[in-house]
Structure formats: C-alpha cells, structure tokens
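First the proteins, then the strands, lettered A, B, ... as listed; each starts at 1. Computed from a predicted structure; not experimentally measured.
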Amino acid sequence: MRQKTLEEFCKQSVERGGYENKISENAALELEDEDEAYVTGISEAANIAPDNLPPSYLVSVGYDGSRGVAYVKLFEPTSQRIYLWHDNTGHKPYLLTNIPVEELKKVDRIAQYPGLDHFEVVEKYDALFDRVIRVTKVVAKDPLAIGGKPKGSLRDVIPEVFSATFGKNEEVKVWEASIKYYQCYIYDRGLQPGMLYTIKGGELTPYFHEETERNVDKIVKHLSEDTPSDLLPYLETWVRLLEYPAPKMRRAALDIEVYSPVATRVPDPEEASQPVICASLVDSDGRKRVLLLKREGVEEGDLNLPPDVTIEFYDSEKDLIKSIFNALDEYPFVITFNGDDFDLNYLYHRAKNLGFSKSDIPIEKGQKICLLRYSVHIDLYRFFLNKSIQIYAFGQKYRNVTLDEVARALLGKSKITLTKPFSELSYGDLARYCLNDAKITMELTSYNNDLVMKLLLILARISRMPMEDVSRQGVSKWIRSFMYYEHRRRNMLIPNSEDIIAARGTTVTKAIIKGKKYMGAIVVKPVPGVHFNIAVMDFQSLYPSIIKVYNLGYQTVRCVHEECKDNLVPETTHWVCKKHRALESALIGSLRDLRVKWYKPKSKDKSLQADQREWYNVIQSALKVILNASYGVFGAEIFDLYCPPAAEATAAIGRNIITLTIRKARELGIDVIYGDTDSLFLKNPSPEKIKELSEWAEKVLGMELDIDKYYRYAVFSYRKKNYLGVLDDGSVDVKGLTGKKRHMPLFIKRYFDIIEDILSRVKTPGEFEIAKKDIEGIIRECYTKLKNREWGDINDLAFEVVLGKPPEAYTKTTPQHVKAALMLQVRGIELKAGDTIRFVKTIREPFVKPVQLASSKEIDVDKYISYLRSTFDQILDALNLEFDEIVGLTRLERFM
DNA sequence: GCGGACTGCTTACCT
DNA sequence: ACAGGTAAGCAGTCCGCG
C-alpha cells in the first residue's frame, strides 16, 4: 500500500481547511440569538487522541496538574485539530543526589516527605571526571516535590539536612533538579517535538514516513564521505529532524481593544476593570471577524468593511468574550502580539471578574505567559524580541519590537494612526483599527510562505522544546535544551554549573576590553587607501568549526587525563582531551557541517523547486541562528553548561588560525589589506594563489577557507571595523562608518548617501579622480548649507539615541541624550529603557535640547560642522583629502 | 579657577 | 539576558600652575 506523501497531507489540509468542526463553530456563530446557557467550547473528551490517530505533529508538551501526569499536544494536519495524549507510562519527576539511599531513609523529613515516591540507585557517566558513578534517584509524585515550592522542595531539603553531617569529606550534591518536568519528560522519553506521532494501542508512537526516510538516508550517505565517522549518527538525527516537511498550520490571530476612561492609560490587565469593547480574529483561511460590544452613545461611523469581514455586535460583554473563547478552543494555533502580557492576560482576568467558571476559561495563566488548553499560543512579541532572531533571521530589518515597526519592516504595512482615544471612536473606526492589528499580526506569520511558523517548527525540533517555549525563550535555552537531551540519551550526568567551574577552572588570558573575561578575536590594522580588486575570504562558521575540529566542550577542555596534557591550546595553558569526543563538539560540529555542506548550498540551488529551496532556506537560517550563538554560550554565565576555558580556547584557536593564514598569504606574496576575526581582505590575488591558500587551510588547519565576495574596490582609513567596499554590480557595503550610524542626523546622512552613490559609480582608478572632485563639491555644499543655517526642517538635525535604561538610572554620568530625556520628563513625558530620544545641539547650557522643544535659532552650527568633519574624515582620510582644505576654499570664495 | 591629560561611561557598530 | 573588539563623543577627575 502506498503511503500518502507528506505534501499530500498538507494539501489535503488546505482543501478541507479544518472544517471538520462545523458543529461547534456554528454554535459560536449563533450565539447572538441564544438565550440559553452558553455553548461551551469543545469538550475535553473530544480532544483526547484516539487510537490510530492519523500521523500528527507533536507540537507541545506540558504537565497536567489535576491528573498528575505529562501530556502532549498532537496537531493532526488533515482535520487541523489538536489532540491531547496523557502519559500512561508512569513516568515521574526526579532528582539525582550523591547521598546514599540508606542515609536518605534515616531522615524522616525526607523519607516521610509528602510528595516522595521512592528511591532508586542508578549509574551515570560523569563526563567531568571520565568515570561512572552510582547516584540515588529520588523519585517524586509531582514536580513541585522536586523543586519550585516556596517552603522547600526536595532539592532544597536534601542539602539542608545533609550539609552539616555529610559535608566533612564530600559535598552534598543534587543534580538535574531544576529541569522543568515536561522537558525532563521529553528527554527521558526521547520525544521529538515538531515530528510525527500516532497512537498505537494507547501508546504514543513515532511515525516514520518512508519516502522521507529514504531521503534522509540519501542525504546522510551523500555527506558521509567528508564527515568524521563518529559524527555520522548525529548527522542522521539532525537530518531526520530537518527533512520532515512542515504542515500547513491553521491559525487565528487575535487582537482585543479595551475601554479606557483615561485616554493615555492602558488598563491594567491584572485588574481588568474595564470592558473589552472590540476583538478581531483573522485566520489563515482568510476569515475575518470583528466582535463589537454595543455601548450607549457610540456613533456607528462607517461600518462598510470589506465584504470578507463579518461584523458581530454583542449586547453583553460576557457573550463577546465567550465567543472569543470558543474561537481560542477551535484553532490549533493562536497568534497574538503581546498576548502574554496583555490580550490573553486581560481576557483571563476579565472573564474571572465577570464570573466565568474556571472550566469556561481556555487560558492557562503562568507567571509571565498565557497558554491555551487546546491550542498553541504564539506571542509574536516575544519571538521578535529575541535578539538572535532579530539579527540573524531577519537581518536587523526592525529595531524596536512594536507591531507597527516589525510590520513596516517585514510587510511594508503599518498600524492605523488614531486621532482620538478608543473611548471616542465610532464602531466603524474601532473595528477597522482592531481588525488591522489582527490582520498584520496574522500576516507576520504567513508572509514568505509561512516563514515564521516554519522557523518555529524547525527550532522546536532542533531544541527539543515545545513550540510555545521555543517562541518565548532565547537561544541559550534552545542550546541548553538539545544538550541536556543528549546527556540523557547517553546516560550522562548533567553537571551543575559550579561543578564545571570547580573542575575546569577559569580563564588564563587577559581581555583587551576592561571587565571582559578573556581575550577574543584579532582585528588586523587596515592598510589605508583605495584598493582595487579585493577578494574577501572567510572561514565558514569559524568558531563552530573550531569546536568541531578541536573537540571543544566542558568535558574535553582541561580533562582529567595526564596523557592529554600535551595537546595544548596556543597562547593558553589549556589542553584538550584526546580520548573522547565532547558532546558539544559532536552536536555543534554536525549541525555546522549540515548547514555548510547541505542546507546552505541547497537553499541557493536553482535546480530545486522554489518551495523546496524556500524550505531549505528556513532550515539554514535556523541553523545560522543557533550556530552563531554556539560559541558565545560557553562564555556566558547564564548558560548552564558555562565553561570559560572552552570559550577561551575557541577564541585562542581562532586567533591562531587567522594569524597563520595571514602569514601564509604573505608567504604566497598576497597583500593582506585587512582582516577581522575570520576574514581576510586580499589585494588583487590571482585565482591560483587563492586556490593555493584555500587548499593550505584545508590541509594544514582542517578549516574551510572560501571566497566570500569580490570588491571592485574598497576604501579603508586607518580605522578598524570601518570601511566601504563596492561590489561588482555597483552595490556598496558600508561597514562601521559614522555616516551610516543610526543616531546621526538625517541632514548629515543624506550627504553621506550622495557620496556613497558617487563612489558606487567608480569603475577604474581613472574615474576616481573625477569622483573625488564630485565629493569635494558635495562636502562644500553641505558645509555651506550649515553655515548659512539652511537646513530646512530642524528635525533633520536631530540625533536619535536610544536610552539604555530609564533616565533616572544614569548615576555615573549624564550623557547628552539623557539630559534631553530629563528635559522631556519634566514636561510630563514618561520615558523608559529602549525609547529613542531625539535631540539637537544648542548654543547655551546644557548644549542639548529635545527637538520638540528647540527652535532653529539656538542651533550650534559649529558643533554640527565638527560632526560633519569627523564623519567625512573617515572617507577623506582614505582619499587623501582634507576636510579643512575642501571647505576652506568656500570661505575664500565667499570673501572674494 | 582653568585647561589639558587622562579614565570611564555610553551607544552603535563589526565578526 | 551568546562572546569580545573598535570608534566616537562626552562626563568626570586629577594635576599643575608661583
């Protein structure tokens, strides 16, 4: 019998659109006419996964407190529904300790502990000391007995009881007691979030798709030649996780508006004292609903919304909220922008205030998050706030994480600007505003062929985390999670952070920057001037490569074996194990190889179909996000496998590699113009020389050194991290130059852009001389305009600087933007960390003013001219031009 | 009391 | 709440100065 292809699943789901639940959906629609008791959402029984459930994606795992077991959420792509499956294997939470069972049994506080289940003796591999140890597994009836109770869970009680008596010879140890129970469940059962499962005889059973499996084999085989053989099993695991396609994920975006008596105040969701007056639901099938609360004295306004929008009026707020709740139960995925903090939080408390019973509220409120009982809630605010996502997945396209700015950057759409407070809006205006928010929220998950949803799925797979968690947590948690998973898979003890520090010590090099822990990368002093024909070479993911090739990890750096101590890391006193492969090295190394050798090339492979290429591009971006952070986490205290010597060794080897490579290049007679961390800028190298250098790197260093790009020419001053390069197609890379920085006044930026444009047209050294004259002219023009105070809009002179903390928190110094911020605050404008302050330079104390308060007369022209000078000097230096000479001419001219 | 040399703080950037 | 290195500008401090 032929299996359906996964694409067929997905297509089918689109066609049938998940309309299997017509009954409850209609019930929700008919609410208005019902006088009866509320129709509740789907009953839980309807959501229990039946036997032989069609292949379904495991999207979430949690703990059901009332049943005292773990549960999983399975997303069935044909019906587009979520099914729940509760654990029936008897898995229980536990911790590990070095206190023997007999000792534990002697103490009533432990032996009689209410939540205690039983003790076991287990063996674990202790990677820090390369030995197998016997530890006690303390098994509990519920997760709170292990950790998290304010009064003292077992993880606190055990050290408390034994530290006095036991502490003389050996320290009391408790391990693995701070892992969330549902993560523990994922690890122990080897579950793969984001992958396919079915239910067989009541058991949660992985589902393998033959065609995809064959594909996995093919890819692994293809890559097996140049992968170290011990990494092959890792490669295969990753490839399987990445190759299974993503389903179509039916979802609704929700946005609510709340009445507010004070126009400038957003009502506090914890109090929820004001009514919900509007809600919008926009779903992935294009359905759009606006739910409005009827209120006294509200104008109708223009209620002519597009024909695909359904407007529903509710006499009672309770009915309106009930209607929202029904939808929340229906959709497998619910999308919000800041729903954790506001929308769902507000609805939760508002429903409670209105007397909803617990079972009528589908929202499960945590400390800082809001989850849903039968769906997966994705709060896009949390996801887009993630720095790694912001930088590496979206290339810094947005800066501030607001719905408006993210939507502008990614979709080219924006929020509707309101001229009146919510309380004064007509139904029509309110509906339009709210609907627009829900629409762009939805679109943030659907643009680029559901990029964001696919990214979340892939990240859930790699990290082994529920989709809810992966969307809310940072990259260090993702990395920790897949590393913990691997510990459990290999029956390795997960060390405590202090165990790693105690066993491996700290760093031995001195950082260049005060306050940093160890020395980082090398930046080569550039050769100033204009250089034609520059080849930029770089090492493909240098740090992950080093971790792979040099076997770095907490287990291997400064290992316990005498015989490894001669395997030294350059410039340090650290050595690396020669006997065992570090877990980090295996996991990160295999991920790196996959990205470099498979997913990145495939994402650009024109012989593939567009949607396949797109899918591979999602995968390679996800890998990029993780790989980019993989070295950093070693050196981050907040990372649970923090290992400073491992981070230091990575950077030290990196310095060694770039240094050796520069030396080799020079030996080959190539001029190295510049280099930073993992890159080399080579002047006019012949293809043969490039090849030779690359082969040398491969052979001697075991590193892949490739051409990244060619610059027609590049402009360097003496400054590091500061250059301009013109590519063959005339596009320009500007790196680090002040004229491009975010905070610079638009007036200066505009002239900088003109110069950039002039430079982009230069093709030959000859053309350069003409360009120079043009540049001089532009600078003169800019200077004259300033001198004559002809800047037009004063806003164009504003510096835009972001507050790193609230204005009051600057105690050591008061920078200029803070001075301006304080002036605004005096006027009753509240400011917080992350707000951008727009200010101009003025002639009188304190020499700054927020633009809003400044007039053109008080502008300090000389200050701006000195900024002009320093900004353009970065380019003029390289062109052998002098700012003063250029503008001096004009002064002469003016006197003549 | 004031200017110059210096250090420190802060932001924005690069890899 | 991944790392360190660099540029730039301003704030604040110290020291010398008969």
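With respect to the salt-bridge test (charged N to carboxylate O, under 4.0 angstrom), the residues A/Asp341 and A/Arg382 do not qualify. The pair A/Arg666-A/Asp671 does not meet the salt-bridge criterion, since no charged nitrogen lies less than 4.0 angstrom from a carboxylate oxygen. Under a 4.0 Å N-O distance rule, the pair A/Arg742/A/Glu800 does not qualify as a salt bridge. A salt bridge links A/Arg592 with A/Glu704: the distance from a Lys NZ or Arg NE/NH1/NH2 to an Asp or Glu carboxylate oxygen falls below 4.0 Å. Taking the charged nitrogens against the carboxylate oxygens, A/Asp676 and A/Lys720 have no contact shorter than 4.0 Å, which rules out a salt bridge.
Of the residues in residues 868-879 of chain A, those placing a heavy atom less than 4.0 Å from an atom of DNA chain C are A/Ser870, A/Gln874, in numerical order.
Within the 4.0 angstrom heavy-atom criterion, only backbone atoms of the sugar-phosphate kind lie near A/Gly736; the bases stay farther away. If you check every strand for non-hydrogen atoms under 4.0 Å, A/Gly520 touches sugar and phosphate atoms only. Across all strands shown, A/Tyr867 has heavy atoms under 4.0 Å from sugar-phosphate atoms exclusively, and none from any base. No engagement by A/Lys510 is indicated, since no non-hydrogen atom pair under 4.0 Å with the nucleic acid exists. A/Lys387 comes within contact range of no nucleotide atom at all, as no heavy-atom separation falls under 4.0 Å. Contacts of A/Phe639 with the nucleic acid, taken as non-hydrogen atoms under 4.0 Å apart, are absent. Counting non-hydrogen atoms under 4.0 angstrom, A/Tyr392 reaches a base of the nucleic acid. Nucleic acid contact class of A/Ile512 (heavy atoms, under 4.0 Å, all strands): sugar-phosphate only. Across all strands shown, A/Val802 has heavy atoms under 4.0 Å from sugar-phosphate atoms exclusively, and none from any base. Using a 4.0 Å heavy-atom criterion, one finds that A/Ala647 contacts no nucleic acid atom at all. Within 4.0 Å (heavy atoms only), A/Lys863 reaches sugar-phosphate atoms of the nucleic acid but no base atom. Looking at heavy-atom distances under 4.0 Å, A/Tyr543 makes no contact with the nucleic acid at all. At the heavy-atom level, A/Arg399 lies under 4.0 Å from the strands shown only through sugar-phosphate atoms. Residue contacts shown for A/Asp538 are absent, as no nucleic acid heavy atom lies under 4.0 Å away.
The salt bridge (charged side-chain N to carboxylate O under 4.0 Å, His left out) search around A/Asp796 returns A/Arg750, not counting sequence neighbours. Applying the ring-ring contact (aromatic ring centres under 6.0 Å, His included) test to A/Tyr864 and every residue at least two apart in sequence or in another chain returns A/Phe799. Residues passing the salt bridge (charged side-chain N to carboxylate O under 4.0 Å, His left out) test with A/Asp860: none are found, sequence neighbours excluded. Remark: A/Asp379 pairs with no residue by the salt bridge (charged side-chain N to carboxylate O under 4.0 Å, His left out) rule, at least two apart or across chains. Legend: residues meeting ring-ring contact (aromatic ring centres under 6.0 Å, His included) with A/Phe747, ordered by chain and number and at least two apart, are A/Tyr751. For A/Phe337, the ring-ring contact (aromatic ring centres under 6.0 Å, His included) partners at least two apart in sequence or on another chain are A/Tyr381. With sequence neighbours left out, the ring-ring contact (aromatic ring centres under 6.0 Å, His included) criterion links A/Tyr599 to A/Tyr616.
Screening A/Thr509, A/Thr572, A/Thr506 for a side chain to side chain donor-acceptor pair (under 3.5 Å) with A/Glu648, the sole residue that qualifies is A/Thr509.
Taking atom CG of residue A/Leu641 and atom P of nucleotide C/dC2, one finds them 15 Å apart after rounding to whole Å. When rounded to the nearest whole Å, the span between CD1 of A/Ile513 and C1' of C/dT6 equals 8 Å. For the pair A/Glu648 CD and C/dC2 C1', the computed distance is 17 Å after rounding to whole Å.
For the helix from B/dG1-C/dC17 to B/dT15-C/dA3, the end axes, each set by the C1' atoms of five terminal pairs, are bent relative to each other by 20° (nearest 10°).
For the pair A/Val475 and A/Asn722, nearest-nucleotide mapping onto DNA chain C gives the more 5' position to A/Val475. A residue-by-residue look at A/Leu803 and A/Tyr723 shows that A/Leu803 has its nearest nucleotide of DNA chain B further toward the 5' end.
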Report the C-alpha separation of A/Met823 and A/Ile829 in whole Å, then their side-chain angles, then the decisive distance to 0.1 Å, and conclude whether the side chain to side chain contact (heavy atoms under 4.5 Å, CB included) test is met. CA-CA 9 Å; A/Met823 291 161 90; A/Ile829 298 164; over 6 Å; no
Write down the protein N/O and nucleotide N/O pairs, taken from nucleotides 12-14 of chain C, whose separation is under 3.5 Å; answer none if there are no such pairs.
none

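Proximity of A/Lys721 to the phosphate of C/dT6: no side-chain N or O atom is located under 4.0 Å from OP1 or OP2. Checking the phosphate oxygens (OP1, OP2) of C/dG4, no side-chain nitrogen or oxygen of A/Lys514 falls inside 4.0 Å.
Which of C/dT6, C/dA7, C/dC10 sits closest to the side chain of A/Lys841 comes down to C/dC10. Nearest to the side-chain atoms of A/Ile638 among the listed nucleotides C/dC2, C/dC10, C/dG4 stands C/dC2.
The aromatic ring centres of A/Phe384 and A/Phe394 sit less than 6.0 Å apart.
Along DNA chain B, the stretch of nucleotides lying under 4.0 Å from any heavy atom of chain A spans, 5' to 3', B/dG8 to B/dT15.
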Pairs under 3.5 angstrom only: tabulate donor-acceptor contacts from the side chains of residues 629-641 of chain A to other protein residues two or more places apart or in another chain.
| unit_1 | atom_1 | unit_2 | atom_2 | d |
| --- | --- | --- | --- | --- |
| A/Ser630 | OG | A/Leu627 | O | 2.8 |
| A/Tyr631 | OH | A/Tyr518 | OH | 2.9 |
| A/Asp640 | OD1 | A/Arg480 | NH1 | 3.0 |

